[in-house]
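A quick write-up on the structure given underneath.
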There are 2 protein chains.
Amino acid sequence: MTKSSKLRIIPLGGLGEVGKNMMAYEYGNDILIVDTGLMFPENDMLGIDYIIPDFEYLRDKKDHVRGIVITHGHEDHTGAIHHVLEMVNVPIYATPLTRGILEAKLARNGMAQKADLRTVQAGSSVQINSFKVEFFHVCHSIPDGVGLGIETPAGLIVHTGDYKFDHTPVDNWPSDYAKLAEFSRRGVLALLSDSTNAERPGWTPSERVIDGGFETVFSKAPGRIIIATFASLISRLQQAANAAVRHGRKMAVVGPSMVDNVKIATKLGYLDIPDNVLIPIDQALALKDHEVVLMCTGSQGEPSSILGRLSVGTNRQFDVKSGDTIVLSSHPIPGNEEIVYRTINRLFNRGANVIYEAIAPVHVSGHASQEEMKLLFHLTRPKFFIPIHGETRMLRQNAYLAEQVGIPKENIAVVENGQVIEFENGEMKLAERIPGGYVFVEGSDVSDMDPSVMREREVMSRDGVVMVKLTIDKRTNQLLQNPEIVTKGFKLGAASEALTIAARKRVTDTLAKANGSLQADLEQVVKNLVYSEIHRRPMILVAINKL
Amino acid sequence: MTKSSKLRIIPLGGLGEVGKNMMAYEYGNDILIVDTGLMFPENDMLGIDYIIPDFEYLRDKKDHVRGIVITHGHEDHTGAIHHVLEMVNVPIYATPLTRGILEAKLARNGMAQKADLRTVQAGSSVQINSFKVEFFHVCHSIPDGVGLGIETPAGLIVHTGDYKFDHTPVDNWPSDYAKLAEFSRRGVLALLSDSTNAERPGWTPSERVIDGGFETVFSKAPGRIIIATFASLISRLQQAANAAVRHGRKMAVVGPSMVDNVKIATKLGYLDIPDNVLIPIDQALALKDHEVVLMCTGSQGEPSSILGRLSVGTNRQFDVKSGDTIVLSSHPIPGNEEIVYRTINRLFNRGANVIYEAIAPVHVSGHASQEEMKLLFHLTRPKFFIPIHGETRMLRQNAYLAEQVGIPKENIAVVENGQVIEFENGEMKLAERIPGGYVFVEGSDVSDMDPSVMREREVMSRDGVVMVKLTIDKRTNQLLQNPEIVTKGFKLGAASEALTIAARKRVTDTLAKANGSLQADLEQVVKNLVYSEIHRRPMILVAINKL
C-alpha cells in the first residue's frame with residue numbers, strides 16, 4: 001500500500017456529453033464513485049439501446065472502491081448502477097426517494113438482494129474512508145436531489161449534481177444556500193458543477209410557473225386532459241393533481257414506470273394526492289370526459305410509450321378523440337426533436353388539441369441558467385473550477401461564466417471524460433488520460449460493438465445488402481449456373497437481368513485469373529460491378545458453392 | 001374540354017411538413033404550378049438523399065400545365081425543378097436572382113438548354129392563361145423573393161411564399177406593404193401564407209441586428225475569422241464583407257456552392273464587395289491571421305461541407321488552429337441539432353473559439369413571427385385562409401392566429417398535402433384527396449423505395465444480417481456439411497460454435513420434415529434459432545446449395 005497526498009479526480013462520464021454521469025474520487029487507496037448514469041444513443045448509433053461509461057479504470061483497483069454515492073434518481077445518474085455493481089459490490093448511499101428508485105431499478109435487474117443500499121438525509125454526512133461526504137439539498141426536476149461536499153485530506157470539493165436555485169419549489173424545499181456559504185467559509189478547493197444550461201441567459205423559471213400554465217389548460221379544456229411528462233417528475237404530478245382538485249377532476253396514472261414512481265413517492269411522502277382524486281384508469285375512463293385528467297409517459301415521443309401509441313392509434317386501453325386536450329409537459333431531449341414533433345403532429349391529426357412548451361408555459365427546466373451559475377460561484381468561492389455535466393460547448397460556456405465572476409482562467413479545467421485531474425499541495429494539474437469512451441449496451445448485454453461493426457450497419461442502412469450465390473466447378477473453376485442475386489434494403493427492378501449477365505461475365509473472367517483468395521477477389525468484383533451498374537455500394541455477401 | 005367556374009387549389013407539398021413546397025392552381029383547363037421544392041430526409045429515412053413532392057396528379061393533366069412560378073431561390077422551393085421539367089416543359093417565371101440560381105441548378109442537371117426561363121420583376125405582372133400573376137417583393141433570407149397575387153376568374157388569391165416584415169433589411173428593400181393593401185382593397189378571396197414560425201411570439205428581428213453581432217466578433221477575434229452560413233444567404237455575406245471592410249480584413253469565399261452564388265449575386269447586383277477586399281483563398285491563407293475572414297458552408301454540420309471537414313481535420317486547403325474564431329451564422333434545421341452541436345464541440349476541441357446562435361446574435365430567422373402574421377391578415381383582409389409551409393402544429397398555430405384577428409373558424413382550412421380545396425361562387429369547400437406523399441430520391445434517381453424496403457434497412461441497421469450457407473444432398477435432403485454462418489453488423493463471438501451446432505440440428509430436423517417451400521422453412525428456422533441463441537432479430541439470408 002503506497003501512501004500519497006494526492007487527490008485524483010477521474011471523470012468517467014458526463015464531461016463532453018449530456019448523460020452517463022459518473023465520477024471517481026481517488027485518494028491513496030480509497031476510491032469513491034459519484035453517480036453511475038447511462039445515456040441514450042444518438043440518431044446515428046444504429047441498434048444501440050443505451051450507453052454506459054467505460055469504467056475499466058476501476059477494474060484493476062476494484063478493491064479500493066469504498067462506496068457509491070448517487071445524487072438523485074434520474075437515469076443519467078443511476079442507469080448504469082447494475083453494470084457497476086457487477087464489478088464492485090460496495091455500499092450505495094442515497095436519499096430516501098433516490099434509494100426507492102434504485103431499489104425498483106435493481107429489482108428489475110434481479111439485483112435487489114445483492115445490493116447494500118444505505119439511506120442518507122440531506123444535511124447529514126457520512127465518512128467513507130478518506131472521504132467525509134456532506135449531503136446538501138438541491139432543487140431539480142425530481143425531489144430529494146443532493147449535492148455533495150466532499151472533505152478530503154487534500155481539501156474540500158463541492159460537487160453539485162444537477163441543480164437549480166428555485167426560490168418557490170413545489171415541495172417548498174429550496175436549495176441549501178447556507179451549506180454552500182458554509183463550505184465557502186471553510187474554503188473550497190474545487191467546485192464541480194452542472195453545465196447543462198450554461199448557454200441559457202438569466203434565471204431558470206421556478207417550477208411554480210407551471211401552476212399558471214396548468215390553470216389555463218384546465219380552465220379551457222372541454223373534454224379529457226391528458227398530460228404527458230417524465231415518470232420521475234414528481235412535482236409535476238403534484239401540480240397536475242392540485243389542478244385536478246381545483247377543477248373537480250379525478251386523476252388516473254397510466255403506464256408502469258409512472259405508476260411505480262407514484263407509489264414510491266406517495267409512500268415516502270414526496271407526493272400528496274387525496275385518496276378520492278387518484279383513481280384507477282378503468283374507473284377514469286368510465287367518467288365523463290370533463291371529469292378526468294390522465295397522466296402518462298411518452299413526452300419524448302418514444303414509440304412504445306403511452307403517448308407514442310396514442311399518436312398512432314395502437315394504445316390498448318383508450319384512444320385519442322376529438323375534444324381531448326393533450327399537454328406535453330416536457331422539453332425534447334437533444335436529438336429527439338424530430339420524433340417529439342412528429343408525435344405532436346399526429347396527435348393534432350387525431351383531433352386533439354395539443355399544448356406544448358413552444359406555445360404555453362407547461363414546462364420549465366430543472367437545471368440552473370447563467371445567473372444561477374454565477375450565484376453558485378459567489379456562494380462557494382472555489383479556488384479551482386471544473387465544469388461537469390455537458391457537451392464541450394456547455395463546459396466552455398460554464399468556464400466562461402466562471403472567468404466573468406473572477407476565477408482565474410488558469411484555475412479552470414475544461415476537460416473531457418478520461419482526463420485525470422490531480423490536486424496536491426493546493427495546486428491542480430492535469431495527469432494521465434485513461435479510457436473514457438462509450439460502452440454500448442444492446443438488449444441488456446454490454447455489446448462487443450466496435451467501429452467496424454457500426455460501419456457495417458451504416459452501409460446496410462443506407463445501401464442494403466446483396467447476396468450473390470455462385471456455383472463453380474471445383475476442378476475447372478468454371479461457373480456452372482447463372483449467378484443468383486438476392487437483395488435486401490433495395491430492389492434491383494429492371495437492372496436485375498443486366499446485372500446477372502454482367503456478373504456472369506465478370507465472375508467468369510475473375511475465375512480464369514484467380515489465384516489466392518477467390519472469396520475476396522469475387523467480393524471485390526461483385527462490389528465494383530454493382531456500383532458500375534446501379535450506383536450503389538451495398539454490403540456484399542458472396543456464397544461460393546463448389547461442385 | 002369542359003368548362004368550370006371552379007378554382008381548385010392542389011397542395012402537392014409543404015403542408016404538414018417543412019420543405020418540398022409545391023402548389024398547383026387549377027382553373028378550367030389551365031394549371032399553374034407555384035414552386036417545386038425538395039426536402040431533406042428525417043433521421044430515420046435511411047439511405048434517402050432527398051424527397052420531392054408526389055406530383056403524379058399532374059401527369060394526366062400535363063397538357064393543361066401553363067407555367068411554373070418560383071417565389072425564391074431556396075432548395076425547398078426550387079430543388080425538384082428538374083424532376084418536374086422532365087414531365088412538363090413549360091415556361092418558368094422567376095425574378096433575376098432566382099432565375100440565376102435556377103440556371104446554375106439546371107446546368108448541373110444537364111437541362112440548361114431545355115428550360116424556358118423567363119425573368120419577371122417584383123412589382124410587375126404576367127398573364128398565364130386564366131391566371132394573372134402579380135409579383136410583390138418580400139423580405140426573406142435570400143434576396144429577390146416574391147409573393148404572388150393570383151387574379152383568377154374565381155377571385156384573387158394571395159400566396160406569400162416565405163416572407164418576413166423586415167423594416168431595415170440589409171438590401172434596404174422592405175416587403176411591399178402597399179401592394180398587400182391594394183390587394184385588400186380589391187378584395188382577397190383567399191390568403192395562403194407561410195407558417196414556419198407560427199409558434200414564435202413577437203416579431204422576427206431584422207437582419208440588421210447581425211451587424212452588431214459581427215461587430216463584437218470582429219472586435220475581439222485575435223486571429224482568423226471563419227464564418228459558416230447558408231450559401232444562399234447573400235445578405236449575410238454582404239454583412240460579413242462590410243465588417244471586413246470596417247476592420248481592415250480581406251475576405252475569401254470557400255466551397256463551390258458559395259463561390260457560385262457570390263458570382264451570380266455580384267453579377268446581378270445583389271452583392272457589393274470591393275474588389276480589393278474579396279480575394280482568392282490561397283492569397284487569404286498567405287496573409288496574417290488577423291487580416292482575413294473566410295466564408296464557408298457547413299453551418300448544418302454536413303460531413304462533406306467545409307466546416308464539417310474542418311471539424312474532423314480532413315479539409316484539404318487549411319485546418320482549424322488555435323486562435324481561430326469560428327462563427328456559425330445559422331440555425332440548425334430541425335433534425336440536424338445533433339450533428340450541428342457535434343460539429344461545434346469538435347471545433348472547440350480543435351482549439352477554436354466557436355460563436356453560434358445560442359450564445360451571440362449571429363443569426364436571425366428569415367420567416368415572419370406571430371405579430372407579423374397578424375399584420376399580414378390585417379393588410380390583406382382575406383375572406384378565406386389556408387396556412388401553408390409547415391408541419392401540422394405550425395399550420396394549426398397560424399390558423400389560431402387568424403381566428404384571433406377575426407377570421408371565422410369555418411373560413412380557415414388546415415389541410416395537408418393532397419387535400420384539394422375548391423372555390424366556387426365565393427365559397428370554399430374541401431374536394432377530393434389525391435396522393436400527396438413522399439417521392440424518395442437516392443443518388444439522382446427517383447427511387448422505387450417502398451415501405452418493405454425501408455423496413456429491411458431498418459432491421460439491418462439495428463440488428464445486422466446473417467447469411468447461412470447450407471450444403472444439402474439433393475436426393476436424400478441431408479445436410480452434407482456444417483452450416484457456414486457469416487454475420488455483418490454484429491459479431492457472434494463466443495456464440496458462434498453453439499449457434500453452428502444448434503443450426504446443424506435444427507436444419508437437419510427441418511429437412512427431414514420439409515415439404516413445399518424449403519427456402520422459406522429454413523429461413524424461419526434460422527430466424528427463430530438466432531433469436532433464441534443470441535436475442536437478435538437480424539435479416540436472414542439462407543443460401544441453399546444442393547449437391
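Note on naming: letters A, B, ... go to the chains in the order of the sequence lines (proteins, then strands), and numbering restarts at 1 for each one.
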Find the distance between CG (A:Leu470) and CG (B:Asn545) and round it off to the nearest 0.5 Å. 11.0 Å

Look at B:Asp44 together with A:Arg342 and state whether they make a salt bridge at an N to O cut-off of under 4.0 Å. yes

Quick one: pull up CZ in A:Arg396 and CG in B:Asn353 and give me the separation to the nearest 0.5 Å. 8.0 Å

Salt bridge check: are B:Arg462 and A:Glu442 linked by an N-O gap of less than 4.0 Å? no

Given B:Val465, which partner from the list A:Lys488, A:Met460, A:Met467 fulfils the side chain to side chain contact (heavy atoms under 4.5 Å, CB included) test? A:Met460

For B:Arg393, give me all partners under side-chain contact (heavy atoms from CB on, under 4.5 Å), at least two apart in sequence or on another chain. A:Tyr341, A:Ile344, A:Asn345, A:Phe348, A:Tyr356, B:Glu199, B:Glu391

More than 12 heavy atoms of other groups within 6.0 Å of A:Tyr400 OH: no

At a heavy-atom separation under 4.5 Å, does B:Glu416 approach chain A through its side chain, its backbone, both, or neither? side chain

Where the side chain of A:Glu42 meets the backbone of B:Glu338, is there a donor-acceptor pair that is under 3.5 Å apart? no

If you compare all heavy atoms of B:Glu456 against all heavy atoms of A:Gly489, which two are closest, and at what distance to 0.1 Å? OE1-N, 2.6 Å

In Å and rounded to the nearest 0.5 Å, what is the CZ to CD1 distance from B:Arg200 to A:Ile359? 15.0 Å

Taking side chain as everything from C-beta outward and backbone as N, CA, C, O, which of these in A:Arg536 sits under 4.5 Å from a heavy atom of chain B? Side chain, backbone, both or neither. side chain

When heavy-atom pairs shorter than 4.5 Å are enumerated against chain A, which of B:Asn349, B:Ile339, B:Val486 gives the highest number? B:Asn349

Contacting region of A:Gln397 [heavy-atom separation from chain B under 4.5 Å]: side chain

Nearest heavy-atom neighbours spanning B:Ser461 and A:Arg457: O-CD, 3.1 Å

Straight-line distance of B:Leu541 CG to A:Leu541 CG, nearest 0.5 Å: 6.5 Å

Chain B heavy atoms under 4.5 Å from A:Val542: which part of the residue, side chain, backbone, both or neither? backbone

If you measure from CZ on B:Arg346 to OG1 on A:Thr392, what distance do you get to the nearest 0.5 Å? 10.5 Å

Taking only residues two or more places apart in sequence, or in another chain, which ones meet A:His367 in a ring-ring contact (aromatic ring centres under 6.0 Å, His included)? A:His140

Honestly, the part of A:Val354 sitting under 4.5 Å from a heavy atom of chain B is neither

